Amino acid sequence: MPCLLVIEDERKVLRALQRGLENEGYQVVAAANGETGFRLALGRSFDCIILDLLLPGKEGLQILKIFERRAKKLRS
């Protein structure tokens with residue numbers, strides 16, 4: 001079963017995404033802020049990350065830039 005990480009600070013949106021994706025057969029790990037989502041993403045492998053761009057703490061664009069730099073290092 002594919003495992004998805006959803007990082008979203010609006011609780012209602014997060015719950016709706018989680019329920020909808022689980023109903024479609026996905027395993028969903030939910031994070032309510034950027035810091036938690038970032039730590040979760042570093043701690044395990046996900047098939048897909050759904051990331052809100054405007055988050056408290058560590059914003060979605062910051063997280064994307066960090067992962068982009070890490071991916072470049074892995075390729076070199």
Side-chain angles (χ1 to χ4, degrees):
M1 172 184 325
C3 185
L4 311 179
L5 172 60
V6 178
I7 307 171
E8 169 61 60
D9 63 319
E10 292 187 40
R11 296 276 185 195
K12 288 182 181 180
V13 174
L14 181 59
R15 283 194 303 270
L17 284 169
Q18 186 172 14
R19 276 194 308 265
L21 291 166
E22 287 173 344
N23 287 341
E24 292 298 321
Y26 295 99
Q27 178 184 356
V28 178
V29 176
N33 61 62
E35 284 293 334
T36 301
F38 182 70
R39 283 194 306 273
L40 287 167
L42 290 178
R44 65 181 278 193
S45 178
F46 291 95
D47 295 293
C48 179
I49 298 174
I50 299 172
L51 175 62
D52 184 2
L53 295 180
L54 299 173
L55 295 164
K58 191 177 291 293
E59 290 189 3
L61 287 177
Q62 287 177 295
I63 294 170
L64 285 175
K65 288 177 184 177
I66 292 168
F67 285 134
E68 181 181 38
R69 285 194 302 268
R70 286 173 174 259
K72 285 180 182 177
K73 287 181 184 178
L74 289 174
R75 284 181 273 178
S76 30

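Here the structure is a predicted model, which means the values were calculated and not measured. Atoms considered below: every heavy atom in the structure, side chains included; atoms not considered: hydrogens, waters and symmetry mates. Residues: numbered from 1 along the sequence shown.
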Pairs under 3.5 angstrom only: tabulate donor-acceptor contacts from the side chains of residues 27-55 to other protein residues two or more places apart or in another chain.
from	atom 1	to	atom 2	distance (Å)
N33	OD1	E35	N	3.2
N33	OD1	T36	N	2.8
N33	OD1	T36	OG1	3.0
N33	ND2	T36	OG1	3.4
D47	OD2	C3	N	2.7
D52	OD1	L54	N	3.2

Checklist entry - Do you reckon V13 sits in the same ILVMFWY cluster as L5, going by side-chain contacts under 4.5 Å, direct or chained? => result no
Next on the checklist: For K12, is there any backbone N or O sitting under 3.5 Å from a side-chain donor or acceptor partner on E10?
Outcome noted: no
Next on the checklist: Assigning hydrophobic clusters by single linkage (Ile, Leu, Val, Met, Phe, Trp, Tyr; side-chain heavy-atom cutoff under 4.5 Å), is I63 placed with V6?
Outcome noted: no
Next on the checklist: Filter on side-chain hydrogen bond (donor to acceptor under 3.5 Å, both in side chains), then keep only pairs touching residues 56-71, sequence neighbours left out; what's left?
Outcome noted: none
